Amino acid sequence: MYLNVAELESAITSLQGAHPEATEILTPPHPTHEGRTARLLRVGTRAADDADGILLLGGMHAREWVPPDALVSLAADLLEAHALGTGLGYGSASFTAAQVAHVVENVNLFLYPCVNPDGRAFSQTTSPMWRKNRRPAPAGHTGPSCVGVDLNRNFDFLWEFTTKFAPDARVHTSVDPCDEQTYCGPAAVSEPETRNVVWALDTHPRIRWLVDVHSAAPEILHSWGSDQNQTTTPSDNFRNPALDGVRGRKDDGIGEFIPEQDLKTAVGLAERMSDAVRAVRGVDYQVEPAYGLYPTSGASDDYAYSRHFTDPAGTKVFGFTIECGTSFQPPFGEAEEVIREVSAGLLALALDV
């Protein structure tokens, strides 16, 4: 059975209690609109500022029930295997005891299983296909769909999409509070859940990779999601106001700049994850830029990667999205298979970095 919000929190507490030498609970500062605080679990024997880290996000979209369970399962598997000195196997993907030890002792995994606890609680008890958080509907808007913000459109990356993108770019975002899916919120980073992710990145500058686990289309996405990638014209980028009103179109000769080496790194890491996923039971998670799915603004992966361009003194964070499985709430037997795929992919990333 899928874990509810209280059970996810209980699992974090239990794992920390059972493995105090290799874990730390982190409490983000911003309670949700309904007063919940969903915590992070850091897995690693070294101090938070003593090793490079990976921030793993789950549950951004409420109806996607598998990712939170996957992150808790990964933490439990890693901690138990490390304590026993054993390896891990997921289908035909295997990791040795030495590899498990390497991850736990040389990398910090910041697991944030349930970014959107209000939304998950509502999805699991009232409206299974609910996607957004539970921000109260603004004045003058009525109806159940007018509640909530799509958290993965609320980050501070080209958030003002109506002016930043071409009108015909068909950005998968909405300014309508009553949009059931992709309302971007009243302002960039308006939501406590979004601010908690920003807090994690700000507070732990040795986080160098972010993976936001979603469902349900078996893909691994890397930056950028705003436009097609290009490596030749540094001035064509998200900070250039001359591109406002024209960016986002396909095959128009304008694209989002990414240094060639960064693109090679991002693709290489995504392919390592895809290879590990495929080894579990033969399922192919296609690797592509996020723009290949559809144009987006305000997404977590692009925000994470954009930070070092906005502040050159900041940490370069490679951002990825794993779209796991083929349905939002598969029968739990299938969910367990998808969890194995996600676990193998994330372990491969942790070993490769």
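In this text the structure is predicted, and so the values were computed from the model without any measurement. For reference, positions follow the sequence shown, starting with 1.
Between the CG atom of Leu151 and the CG atom of Asn116 there is a distance of 5.0 Å, given to the nearest 0.5 Å. In this structure, the separation between CG on Leu243 and CG on Asn237 is 7.0 Å, given to the nearest 0.5 Å. In this structure, the separation between CG on Asp244 and OG1 on Thr162 is 10.0 Å, given to the nearest 0.5 Å. In this structure, the separation between CD on Gln124 and OH on Tyr2 is 9.5 Å, given to the nearest 0.5 Å. To the nearest 0.5 Å, atom CZ of residue Arg272 and atom CG of residue Leu269 are 6.5 Å apart. Taking CG of Leu55 as the reference point, atom CZ of Phe110 lies at 8.0 Å (rounded to 0.5 Å).
Taking the six-membered ring wherever Trp is involved, the centroid distance between the rings of Phe332 and Trp65 does not fall below 6.0 Å.
Between Pro68 and Gly58 the shortest heavy-atom distance is CG-C, 4.3 Å. Taking every heavy atom of both residues into account, Thr315 and Ile207 meet most closely at CG2-O, 3.4 Å. Pairing each heavy atom of Trp199 with each of Pro28, the nearest pair is CZ3-CA, 3.7 Å. Minimum heavy-atom separation, Glu24 to Ala48: OE1-CB, 4.4 Å. The heavy-atom pair separating Ser235 from Asn240 by the smallest distance is O-ND2, 2.8 Å. Gly87 and Ala81 make their closest contact through O-CB, 4.0 Å (heavy atoms, listed as atom of the first residue, atom of the second, distance).
Within the 3.5 Å criterion, the main-chain N or O of Ala121 finds a donor-acceptor partner in the side chain of Thr125. Judged by distance alone, the side chain of Glu334 and the main-chain N or O of Ser327 form no donor-acceptor pair under 3.5 Å. Looking only at distances, a side-chain donor or acceptor of Asp69 sits under 3.5 Å from a matching main-chain atom of Leu3. A side-chain donor-acceptor contact under 3.5 Å links His141 to the backbone of Ala139. Judged by distance alone, the side chain of Gln230 and the main-chain N or O of Thr233 form a donor-acceptor pair under 3.5 Å. At distances below 3.5 Å, not a single donor-acceptor pair connects side-chain atoms of Ser94 with backbone N or O atoms of Gly89. Side-chain atoms of Ser274 do not come within 3.5 Å of backbone N or O of Ala270 as any donor-acceptor pair. Without hydrogens or angle criteria, Asn108 side chain to Asp52 main chain gives no donor-acceptor distance under 3.5 Å. Here the side chain of Arg39 pairs a donor or acceptor atom with the backbone of Glu9 at under 3.5 angstrom. Under a 3.5 Å cut-off, the side chain of Asp156 and the backbone N or O of Ala188 do not form any donor-acceptor pair.
The pair Asp227-Arg247 fails the salt-bridge criterion, with no side-chain N (NZ, NE, NH1 or NH2) lying under 4.0 Å from an Asp/Glu carboxylate O. Salt bridge Arg278/Asp275: present, at least one basic N to carboxylate O contact under 4.0 Å. Electrostatic pairing of Arg307 and Asp202 counts as a salt bridge here, judged by a charged N lying under 4.0 Å from a carboxylate O. Between Lys132 and Asp150, no side-chain nitrogen of the basic residue sits less than 4.0 Å from a carboxylate oxygen of the acidic one, so the salt-bridge criterion is not met. A salt bridge is defined here as a Lys NZ or Arg NE, NH1 or NH2 lying under 4.0 Å from an Asp or Glu carboxylate O, and Arg120 with Glu7 fails to meet this definition.
At a threshold of 4.5 Å between side-chain heavy atoms, the hydrophobic network of Ile, Leu, Val, Met, Phe, Trp and Tyr places Val189 and Phe157 in one connected group. The hydrophobic cluster containing Tyr183 does not contain Val115, counting ILVMFWY residues as joined when their side-chain heavy atoms lie under 4.5 angstrom apart, directly or transitively. Under the 4.5 Å side-chain contact rule for hydrophobic residues, Leu158 and Val149 do not share a cluster. Follow the hydrophobic side-chain contacts under 4.5 Å out from Leu221 and you never reach Tyr285; the two are in separate clusters. The hydrophobic cluster containing Val267 also contains Trp209, counting ILVMFWY residues as joined when their side-chain heavy atoms lie under 4.5 angstrom apart, directly or transitively.
Side-chain polar atoms of Thr321 and Asp212 form no donor-acceptor pair below 3.5 angstrom. A donor atom on one side chain and an acceptor atom on the other are found under 3.5 Å apart for Asn133 and Glu193. A donor and an acceptor atom, one from each side chain of Asp301 and Ser223, are nowhere located under 3.5 Å apart. Ser174 and Arg153 share no donor-acceptor pair across their side chains, judged by distance under 3.5 Å alone. No side-chain N or O of His30 forms a donor-acceptor pair with one of Glu191 less than 3.5 Å apart.
Note that Arg239 lies outside the cation-pi zone of Phe309, set by a 6.0 Å cut-off to the ring centre and a 45° limit from the axis.
The neighbour count for Gln99 CD, taken as heavy atoms of other residues, nucleotides or ligands under 6.0 Å away, is above 12. By the 6.0 Å contact criterion, CD on Glu180 is open, its count of non-hydrogen atoms from other residues, nucleotides or ligands being 12 or less. Around CD of Gln181, the count of heavy atoms belonging to other residues, nucleotides or ligands within 6.0 Å exceeds 12. Within a 6.0 Å radius of CD in Glu105, other residues, nucleotides and ligands contribute more than 12 heavy atoms.
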Full working for salt bridge (charged side-chain N to carboxylate O under 4.0 Å, His left out) between Glu336 and Arg281
CA-CA 12 Å; Glu336 290 178 315; Arg281 55 170 180 162; over 6 Å; no
After noting the C-alpha distance and the side-chain angles of Tyr303 and Thr194, does the key distance pass the side chain to side chain contact (heavy atoms under 4.5 Å, CB included) rule?
CA-CA 11 Å; Tyr303 167 72; Thr194 314; over 6 Å; no
Side chain to side chain contact (heavy atoms under 4.5 Å, CB included) between Asn196 and Leu40, worked out
CA-CA 10 Å; Asn196 284 336; Leu40 294 81; over 6 Å; no
Check the pair Val342 / Leu74 against side chain to side chain contact (heavy atoms under 4.5 Å, CB included), numbers first and verdict last.
CA-CA 8 Å; Val342 172; Leu74 172 62; over 6 Å; no
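Partner of Leu57 under the side chain to side chain contact (heavy atoms under 4.5 Å, CB included) criterion, chosen from Asn152, Leu210, Val213: Leu210. Checked options Phe238, Tyr291, Phe257; the residue passing with Trp224 is Phe238 (criterion: ring pair (Phe, Tyr, Trp, His ring centres under 6.0 Å)).
Contact annotation: the side chain of Phe161 never approaches that of Thr296 to less than 4.5 Å [non-hydrogen atoms, C-beta and beyond]. Counting heavy atoms from C-beta on, the side chains of Gln261 and Thr265 come closer than 4.5 Å. Contact annotation: the side chain of His222 approaches that of Pro289 to within less than 4.5 Å [non-hydrogen atoms, C-beta and beyond]. Within the 4.5 Å cutoff, the side chain of Tyr90 has heavy atoms near those of the Leu347 side chain. Looking only at side-chain heavy atoms (C-beta outward), Leu41 and Ile25 come within less than 4.5 Å of each other. Between Arg170 and Pro295, the closest side-chain pair of non-hydrogen atoms is not below 4.5 Å. With a 4.5 Å cut-off on side-chain heavy atoms, Arg208 and Val317 do not count as touching. Between Pro128 and Gln329 there is a side-chain heavy-atom pair separated by less than 4.5 Å.
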